[in-house]
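Note that the structure is a prediction, hence the values are computed from the model and not measured. Numbered from 1 within each chain, the chains take letters A, B, ... in sequence-line order.
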There are 4 protein chains.
Amino acid sequence: MARGINKVILVGNLGGDPEVRYMPSGNAVTNVTLATSESWKDKQTGQMQERTEWHRVVFFNRLAEIAGEYLRKGSKVYVEGSLRTRKWQGQDGQDRYTTEIVASEMQMLDSRGGAGDAGGYQSQPDPMGYGQPQQQAPRRQPAPQQQAPQQPQQAPQQPAPGFDDFDDDIPF
Amino acid sequence: MARGINKVILVGNLGGDPEVRYMPSGNAVTNVTLATSESWKDKQTGQMQERTEWHRVVFFNRLAEIAGEYLRKGSKVYVEGSLRTRKWQGQDGQDRYTTEIVASEMQMLDSRGGAGDAGGYQSQPDPMGYGQPQQQAPRRQPAPQQQAPQQPQQAPQQPAPGFDDFDDDIPF
Amino acid sequence: MARGINKVILVGNLGGDPEVRYMPSGNAVTNVTLATSESWKDKQTGQMQERTEWHRVVFFNRLAEIAGEYLRKGSKVYVEGSLRTRKWQGQDGQDRYTTEIVASEMQMLDSRGGAGDAGGYQSQPDPMGYGQPQQQAPRRQPAPQQQAPQQPQQAPQQPAPGFDDFDDDIPF
Amino acid sequence: MARGINKVILVGNLGGDPEVRYMPSGNAVTNVTLATSESWKDKQTGQMQERTEWHRVVFFNRLAEIAGEYLRKGSKVYVEGSLRTRKWQGQDGQDRYTTEIVASEMQMLDSRGGAGDAGGYQSQPDPMGYGQPQQQAPRRQPAPQQQAPQQPQQAPQQPAPGFDDFDDDIPF
DNA sequence: TTTT
DNA sequence: TTTT
């Protein structure tokens with residue numbers, strides 16, 4: 001349940017290959033950066049100007065696996081999600097904030113094959129129930145770019161890796 | 001799975017009380033009309049003009065029950081959904097088409113109590129899995145405006161009522 | 001000014017080449033149909049089902065010219081706009097209703113060249129005013145598929161051609 | 001012109017009164033924070049959890065004046081805009097990044113009077129040109145909360161105030 | 001810091 | 001048929 005609407009819609013290109021990681025639970029988390037840009041002619045100089053906005057997008061679970069499998073640097077993609085600002089500690093001990101888009105739906109826009117659409121959950125295509133949609137994603141075996149922990153359920157001797165461990169110490 | 005994006009976002013007021021009906025399966029179907037409007041000054045006459053757009057919105061299942069319970073004529077509401085054009089037969093035997101918004105998310109915007117947000121399925125508020133969101137809707141007993149069939153699971157002797165039976169013979 | 005939000009976001013493929021027409025004023029009006037689809041596995045039969053939704057999209061003015069010039073049958077496109085239901089008369093004299101998406105923004109998603117983004121009006125890329133965006137569209141000469149009326153400003157002897165004249169007598 | 005789509009849609013409540021400032025050019029800039037929240041039941045503990053997301057929204061020019069005049073702490077509002085991440089320098093000389101929503105459209109959702117909808121630019125309500133929309137905003141005199149510079153057009157002796165001067169040295 |  |  002939510003009070004309010006928190007919705008982001010992006011169409012852009014990946015700045016690099018997706019980074020797939022695994023939670024102690026075995027769930028996948030995939031990070032990508034997505035570029036959108038706009039250009040205009042400077043009134044003063046008559047020169048064309050361009051500004052590129054870089055968006056940090058994070059996928060979880062099934063969507064993370066699909067993103068990791070099908071997206072590549074340069075891929076054009078539609079992403080729908082919500083804004084989330086995370087607080088983290090810089091090496092100087094200071095608080096930092098990073099805003100990300102937590103993806104709830106993703107769709108590849110390149111025609112080079114791909115996964116079609118993938119959504120966390122979607123509205124019913126067959127609301128009358130005469131045929132139920134199968135919500136399962138295509139599950140060709142993703143090649144994990146990083147090993148999942150071997151004993152994800154076991155209590156770690158060392159401080160448990162938290163979510164922040166999956167993030168660099170800098171916002172981008 | 002989808003190829004393409006089919007998304008509608010509306011904020012408007014209900015033209016009348018919701019009409020709740022029940023499928024043979026016992027699932028609820030709720031119809032509302034939603035008004036959005038825009039006004040502008042006529043360049044010629046200097047008069048203010050207003051144009052109201054009426055949207056047919058249909059809710060299914062749990063969302064249909066919530067809509068039927070909490071929405072009323074005049075309610076201001078946020079609706080997200082997708083477009084669907086249905087074909088039906090006029091009394092003259094001719095094909096007619098009606099475009100509706102099949103709601104996947106709804107949120108009341110009046111402060112007069114209400115249900116907060118309600119979505120078919122939503123993106124994870126707790127994607128790390130340390131606490132799972134409960135997707136269940138508030139289920140105060142809705143007062144059905146039309147009786148659900150008594151033996152919804154039983155095969156009907158007469159031709160089964162189809163979806164079109166729930167629609168008037170005119171588009172609005 | 002508007003009361004309410006009436007917003008549609010589509011990503012889909014064109015069902016045919018755009019149809020460009022011209023108003024008596026000389027302004028372009030372009031119609032396209034856009035397909036979005038979803039597929040799911042039928043619970044009963046285990047068969048894959050697919051449902052395609054066809055959207056009528058109409059572009060006006062500059063956007064109409066860009067759409068007419070750059071879009072082709074099969075083009076993948078992002079369209080943002082609002083819903084508008086028009087009333088028209090069937091040949092039997094009966095009222096009919098057709099719902100269209102009036103596009104306010106369009107963006108080609110094929111990499112085969114194209115026009116980038118085109119919007120009626122967009123939010124400021126340079127809100128500080130140090131360089132003003134140029135809102136002008138690329139204006140290679142579009143090849144009009146239908147002649148504009150020769151004396152658009154002159155009062156017609158016959159009933160003036162209305163908007164409906166640009167529409168077929170059937171919804172799709 | 002844009003390559004890609006960068007769109008945010010928010011419905012939320014203001015965390016405080018708007019802060020209106022003026023550029024050297026005399027143009028208004030208004031900042032608000034907007035809360036959206038979601039709640040769920042913790043699977044482990046059975047307790048209700050709530051998470052509030054705070055969004056920094058910035059309005060420019062005419063929209064900034066309307067926001068400053070009509071919005072107040074607690075106001076419920078619809079905002080549409082785009083994401084922009086700004087780089088700024090912390091007091092320690094380190095780079096910091098703040099992500100904001102640059103509003104292009106705003107609509108009050110409280111019924112306590114107000115401004116209706118206000119957009120930077122909107123799609124044509126009357127695309128046929130039989131009556132042109134007036135894009136002018138209501139302009140009751142806003143009470144500036146901070147004086148605009150007295151000689152906005154004059155070249156400053158000191159380094160010209162940049163945009164960052166209008167921002168606090170901390171992200172929120 | 002909002003709201004229900 | 002709504003709302004301001």
D:D17 CG - E:dT3 P separation (whole Å) | 11 Å
In whole angstrom, what separates D:N13's CG from E:dT2's P?
-> 10 Å
Is the backbone N or O of B:Q47 less than 3.5 Å from a side-chain atom of B:T45, with the two atoms forming a donor-acceptor pair by type?
-> yes
Taking D:D110 for the side chain and D:K76 for the main chain, is one N or O donor matched with an acceptor at less than 3.5 Å?
-> yes
Rounded to whole angstrom units, what separation is found between the CD atom of B:E53 and the P atom of F:dT4?
-> 20 Å
Between B:L34 (CG) and F:dT3 (P), how many Å, whole number?
-> 12 Å
Using a 4.0 Å heavy-atom cut-off across all strands, classify D:T52 as base, sugar-phosphate, or nothing.
-> base
To the nearest angstrom, the CE-P distance between D:M48 and E:dT4 comes to 16 Å
Identify whether the distance between the nearest side-chain nitrogen and carboxylate oxygen of A:E53 and D:R84 falls below 4.0 Å.
-> no
Length of the line joining A:R3:CZ and E:dT1:P, which is rounded to integer Å | 21 Å
Which of these, B:V102, B:L71, B:I101, B:V20, sits in a side-chain contact (heavy atoms from CB on, under 4.5 Å) with B:F59?
-> B:L71
Going by an N to O cut-off under 4.0 Å, is there a salt bridge joining D:R51 and D:E38?
-> no
Whole angstrom value for the distance that separates C1' of E:dT2 from CD1 of A:I5 | 16 Å
Taken to the nearest whole Å, NZ/D:K76 to C1'/F:dT4 is 18 Å
Can B:W54 be said to stack with the base of F:dT1, given centres closer than 5.5 angstrom and planes under 30 degrees apart?
-> yes
With Watson-Crick and G-U wobble geometry limited to distances under 3.5 Å, how should the secondary structure of DNA chain E be encoded in dot-bracket form, using | for bases paired to another strand and [ ] for crossing pairs?
-> ....
Are A:T85 and D:W54 close enough that a side-chain donor and a side-chain acceptor fall under 3.5 Å?
-> no
